[in-house]
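Below, chains carry the letters A, B, ... as their sequence lines are ordered, and counting in each starts from 1.
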Amino acid sequence: MNSDSGNLWREQVMAIMRLEIKKNFLARRGLWIYLLALAPVLLFAGHSFERLRHGRVCDLGQDNLIFATVFQFFFLRLAVFFGCVGVFMNLFRGEMLEKSLHYYLLTPVRREVLLAGKYLSGVVTTVVIFGTSAALSLAGLYWHIHPQVVRQYLLEGGGLEHVAAYLGITALACIGYGGVFLLMSFLFNNPMIPAAIVLVWEGLNPFLPAALKKISVIFYLQSLCPLEAPLRSKWAFLAINANATPPYLAVPGLLLVTLAGLYLAARKVRKLEINYGAE
Amino acid sequence: MSNKDRQITFENVSKFYGEVLGVNRVNLTIPPGITSLVGPNGSGKTTLMNLMTGLLCPTQGTIRVLGVPPDQPEALFRFLGYCTQYDSFPRGITGYQFVHSYLRLHGKTDSEARDLTQHALERVRLTDAADRKVAGYSKGMRQRIKLAQAISHWPLVLVLDEPLNGLDPLVRAETIALFRSLAEEGVHVIISSHILHEVDAISDQVILLSSGYVVAEGQIHGVRTEVEEHPMQILIRCERPGRLASRIFEQSSVVEARVHADGKGLLVRTRDPDEFYLALNRLVLDGVDLESVAPADDDVHSVYQYLIGPDGGSI
Amino acid sequence: MAVYKRSYHGYDGPQTSEWSRFAIIPRYAYRGLFQSKIMTAFFVLCFVPPMIFLSLIYVADNFASLAQLVQANRVGSPITIDGKFFLNFLNFQAGLAFILTAFVGPSLVSSDLTNRALPLYLSRPFSRAEYVVGKMAVLIMLLSLITWVPGLILFLVHSSLMGWTWSIDNAWIAWAIFVGAVIWILIIALLALALSAWIKWRIAAGALLLAVFFVAAGFGEAINAVLDVHWGKLINLMYLLETIWRQLFRLEEGSDITAASAWIVLGLICWACLALLGRKVRAVEVVR
């Protein structure tokens with residue numbers, strides 16, 4: 001690759017991202033993704049409001065544990081998961097159904113560059129939406145606590161690291177699930193079936209044997225979480241403990257899984273044909 | 001640049017959709033000028049265009065567009081524009097954005113893309129509606145905005161799938177004039193159309209397709225001459241058609257001569273038009289008075305009728 | 001003055017009755033649906049649990065004879081055929097019905113809206129209500145075949161083995177099977193159609209249908225955990241249905257919410273779905 005084509009590809013990726021990000025953010029039918037992201041914010045704001053209304057004693061440790069639980073069992077497994085389904089499956093399959101993908105394929109853009117542009121636009125969209133959601137949720141959680149206490153916790157009690165970790169995990173979740181769902185949109189005409197299977201697989205993760213646990217996105221994400229959330233289910237006794245993967249393995253592991261997914265998707269996009277009648 | 005690099009070539013190209021035949025064993029060479037793809041519905045016109053532009057991959061065979069294979073979009077679409085038949089657009093986009101945003105993918109700067117967009121919109125006379133949403137356009141406007149996008153980057157090869165559909169007569173005439181001017185500038189203009197008299201008027205050559213096979217290709221007159229089982233029809237206008245008929249039957253190539261319904265002309269069917277025209281010259285020199293001589297079935301419509309049939313079936 | 005030959009006559013032959021005209025939609029929908037091998041295979045799979053439950057009924061009702069056959073001493077059947085048994089059956093089949101709906105439902109209205117096909121329907125003597133009823137009928141008939149129809153057959157089989165008295169005493173179970181299944185079918189069918197009409201895109205509508213059930217359930221649990229309340233269950237559709245089924249099947253175990261509140265929430269969901277359908281199923285679309 002010489003520098004000229006490198007520059008051109010960068011410009012093309014940027015042009016694709018400009019088009020796609022606008023579509024992703026402003027599509028009226030993507031409203032439900034915003035609602036998914038808004039839900040935890042409202043929940044934690046409600047939590048603070050309740051605490052203030054009833055004048056209950058603030059317990060930072062307890063609140064952090066509540067956040068960790070909701071973050072792992074609702075935010076990552078459901079909100080980010082379905083948000084990524086909505087955004088990343090829309091990138092190619094959605095345009096196939098709308099019969100507008102051919103306009104991209106009729107431009108002097110390498111198919112792999114198109115894939116990269118679309119994927120990055122999906123990552124930017126989901127990271128912005130769910131990253132903001134995670135940040136606002138934390139703000140909502142700490143809203144009822146005296147600012148001095150919060151400042152002390154953030155600066156001296158390791159709080160800032162926790163916040164950074166949650167935001168980083170959210171970004172990694174978008175990157176990881178994005179790669180998985182983008183690949184699925186190429187492999188299946190109706191990607192809802194594999195999406196449902198992934199949902200069940202990720203949901204079953206606590207109960208899977210240690211070896212199988214590692215073949216999932218949620219396992220690596222949970223390993224990175226600063227606090228361990230207790231599993232509150234009537235089936236909790238069936239949960240199997242597996243050693244958490246250290247961050248220096250979890251992050252590259254997740255990125256490798258994503259890259260593998262993107263590589264397979266790139267192979268598929270190279271052979272992609274426009275046959276709208278078959279959709 | 002070799003001669004091959006100035007042409008579009010199909011070598012033994014076939015495309016199957018599962019068990020359904022798209023096109024089969026197509027061998028073609030398309031030179032610059034206006035080339036029309038003619039054939040009934042399902043004959044393989046769109047498949048051929050999609051293969052040429054890489055939207056479909058051939059099951060077998062090789063395609064080269066000015067020397068570039070269609071699976072290299074980064075090179076191909078620098079000089080190729082394709083106006084597809086799909087009447088769908090990205091959601092929520094205006095006419096201007098539709099042309100401009102895809103020009104940015106060519107690596108054009110914003111100002112370059114703006115100038116090119118403006119020019120393309122002017123050529124299809126859509127400047128006034130440029131800022132309206134494409135979804136609110138009429139069928140003719142949607143057709144024109146697609147055309148604007150296809151020509152916006154000044155392509156050397158322009159592929160147009162049913163480009164005249166939905167256009168009113170005035171715009172239709174302007175669009176045909178645009179194709180002509182592009183062809184005169186050396187652009188390959190490849191058009192598929194059902195409107196045979198328009199194809200006849202604008203095409204330098206035709207490719208006739210039926211049931212996925214190329215039935216005929218070349219200049220219309222040449223194709224017509226090769227259809228030997230249907231002798232050429234020539235309409236001769238004259239005052240005394242009966243007398244003329246008796247003279248021209250001396251020619252061995254004439255198989256039929258019918259007096260025209262109005263009694264002021266003769267419809268002749270001949271197997272050798274060149275020989276017939278020479279004989280006609282001799283008759284004129286002998287003092288036979290003729291008003292006009294014109295071929296009656298040397299057009300796409302007739303070729304279509306003879307090779308594909310009135311019901312559009314294959315030969 | 002121009003003289004026109006009046007040789008053309010409009011059709012004045014027989015027509016199907018107005019009330020049955022909606023049936024044209026399911027008729028053609030099934031033809032398309034069962035062309036999919038996966039769909040056909042899954043539909044057949046949906047009849048496996050009823051066969052298993054049928055075997056259980058047979059074993060329970062003939063346990064003594066079967067025990068003698070294998071010369072076992074115990075004569076009491078470990079399987080009890082009661083309301084709970086049929087509730088378990090309904091739970092199984094409801095899960096399968098949901099998967100079937102997620103597969104079939106999202107494309108029902110969205111494909112017509114995406115392809116601008118609604119004017120084709122509505123430019124004929126066919127109303128918007130008939131269109132919605134027709135689309136609903138696709139799901140209702142399909143889901144009925146795997147829920148309350150086999151449920152009632154199981155009930156009849158058990159009745160035939162147990163005798164007339166048992167049937168009369170337990171007729172409420174048949175009613176519970178029928179009503180419980182119909183409520184479930186109506187809810188998921190309405191949700192599928194409304195989401196399909198709202199999103200106009202099959203895949204996103206499918207994702208949203210899954211999300212409505214799973215995310216709402218998860219969010220409900222999160223509400224309960226964070227706010228230390230019980231009303232979070234009100235947005236858990238599966239829990240709402242379970243509460244109503246428990247009432248129908250006369251099971252005593254407590255629920256975090258009352259059956260009345262579950263009925264009210266389900267009624268509101270139905271109303272919202274119908275309102276959304278009324279808004280979206282139109283022959284014209286304004287482009288802004």
Side-chain angles (χ1 to χ4, degrees), chain A residues 1-2 4-30 90-92 94-118 121 268-279, chain B residues 15 17-18 20 22 42 46-47 49-59 68 70-93 97-110 113 134-135 145-146 149-150 152-153 155 159 161:
Chain A
M1 183 182 92
N2 58 37
D4 276 355
S5 56
N7 283 339
L8 178 65
W9 291 354
R10 200 171 56 243
E11 276 172 31
Q12 288 177 331
V13 165
M14 294 305 288
I16 294 164
M17 285 176 73
R18 270 194 298 274
L19 268 171
E20 291 294 313
I21 287 174
K22 198 170 149 196
K23 264 197 276 182
N24 291 344
F25 276 116
L26 300 181
R28 273 197 296 175
R29 54 190 186 166
N90 191 28
L91 292 175
F92 280 90
E95 287 218 59
M96 285 287 258
L97 286 168
E98 280 193 352
K99 299 177 183 164
S100 61
L101 184 62
H102 63 278
Y103 292 116
Y104 272 122
L105 304 189
L106 297 177
T107 54
V109 178
R110 278 181 74 96
R111 300 269 179 102
E112 292 86 345
V113 173
L114 176 63
L115 181 92
K118 279 190 167 257
S121 73
K268 283 280 171 190
V269 81
R270 192 80 206 155
K271 299 276 171 207
L272 183 71
E273 292 193 341
I274 294 294
N275 187 9
Y276 294 139
E279 288 300 308
Chain B
K15 174 67 188 174
Y17 301 98
V20 179
T46 301
T47 300
M49 290 183 155
N50 285 352
L51 285 167
M52 203 187 298
T53 51
L55 293 187
L56 291 175
C57 305
T59 312
V68 176
D71 63 357
Q72 289 178 10
E74 60 276 22
L76 182 72
F77 292 106
R78 296 247 158 255
F79 59 80
L80 191 147
Y82 182 19
C83 175
T84 64
Q85 60 163 345
Y86 307 118
D87 191 24
S88 49
F89 295 85
R91 201 167 267 270
I93 205 162
Q97 290 166 340
F98 177 62
V99 181
H100 180 268
S101 52
Y102 287 97
L103 269 172
R104 292 301 305 273
L105 296 179
H106 285 251
K108 311 276 183 208
T109 63
D110 187 46
V134 176
I145 199 70
K146 281 195 294 181
Q149 199 222 26
S152 61
H153 60 291
V159 185
D161 199 353

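- The part of B:Phe98 that comes within reach of chain A is its side chain, from C-beta onward, which places non-hydrogen atoms under 4.5 angstrom from that chain.
- Across A:Ile274, A:Leu101, A:Leu114, the residue that shares the most heavy-atom pairs under 4.5 angstrom with chain B is A:Ile274.
- Using a 4.5 Å cut-off between heavy atoms, B:Leu76 does not touch chain A at all.
- Shown here are the side-chain contact (heavy atoms from CB on, under 4.5 Å) partners of A:Asn90, two or more places apart in sequence or in another chain: C:Trp201.
- Atom CE of residue A:Met14 and atom CZ of residue B:Arg104 lie 9.5 Å apart, to the nearest 0.5 angstrom.
- By the 30° and 60° cut-offs, the orientation of the rings of B:Tyr102 relative to A:Tyr104 is perpendicular.
- The minimum heavy-atom distance linking B:Pro73 with A:Val109 is given by the pair CG-O, 3.6 Å.
- When each of A:Leu19, A:Val13, A:Leu272 is checked for heavy-atom pairs under 4.5 Å with chain B, A:Leu19 comes out on top.
- Inter-residue side-chain proximity for B:Leu105 and A:Ile16 is flagged as met; some heavy-atom pair is nearer than 4.5 Å.
- Of the atoms belonging to A:Lys22, it is side-chain heavy atoms, and not backbone ones, that fall under 4.5 Å from chain B.
- For the atom pair OH of A:Tyr103 and OG of B:Ser101, the computed distance is 11.0 Å after rounding to the nearest 0.5 Å.
- Residue A:His102 holds its NE2 atom at 9.0 Å from CG of B:Asn50, rounded to the nearest 0.5 Å.
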TODO: Evaluate the criterion side chain to side chain contact (heavy atoms under 4.5 Å, CB included) for residue pair B:Lys108 and A:Glu11; output intermediate values, then yes/no.
DONE: CA-CA 9 Å; B:Lys108 311 276 183 208; A:Glu11 276 172 31; over 6 Å; no
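- Residue pairs meeting the salt bridge (charged side-chain N to carboxylate O under 4.0 Å, His left out) criterion with at least one member in residues 73-83 of chain B, sequence neighbours excluded, are A:Arg110-B:Glu74.
- No side-chain heavy atom of B:Phe89 sits under 4.5 Å from any side-chain heavy atom of A:Ser100.
- Side-chain contact between A:Leu105 and B:Phe77 is absent, with no heavy-atom pair separated by less than 4.5 Å.
- For A:Glu95 and B:Arg91, the salt-bridge test fails: no basic side-chain N is under 4.0 Å from an acidic carboxylate O.
- Atom-to-atom distance recorded for A:Glu273:CD and B:Cys57:SG is 4.5 Å, nearest 0.5 angstrom.
- Within the 4.5 Å cutoff, side-chain heavy atoms of A:Leu106 are placed close to those of B:Thr53.
- For the options B:Tyr82, B:Tyr86, B:Phe79, heavy-atom pairs under 4.5 Å to chain A are most numerous at B:Tyr86.
- Ranked by non-hydrogen atom pairs under 4.5 Å with chain A, the options B:Asp87, B:Thr84, B:Ile93 are led by B:Thr84.
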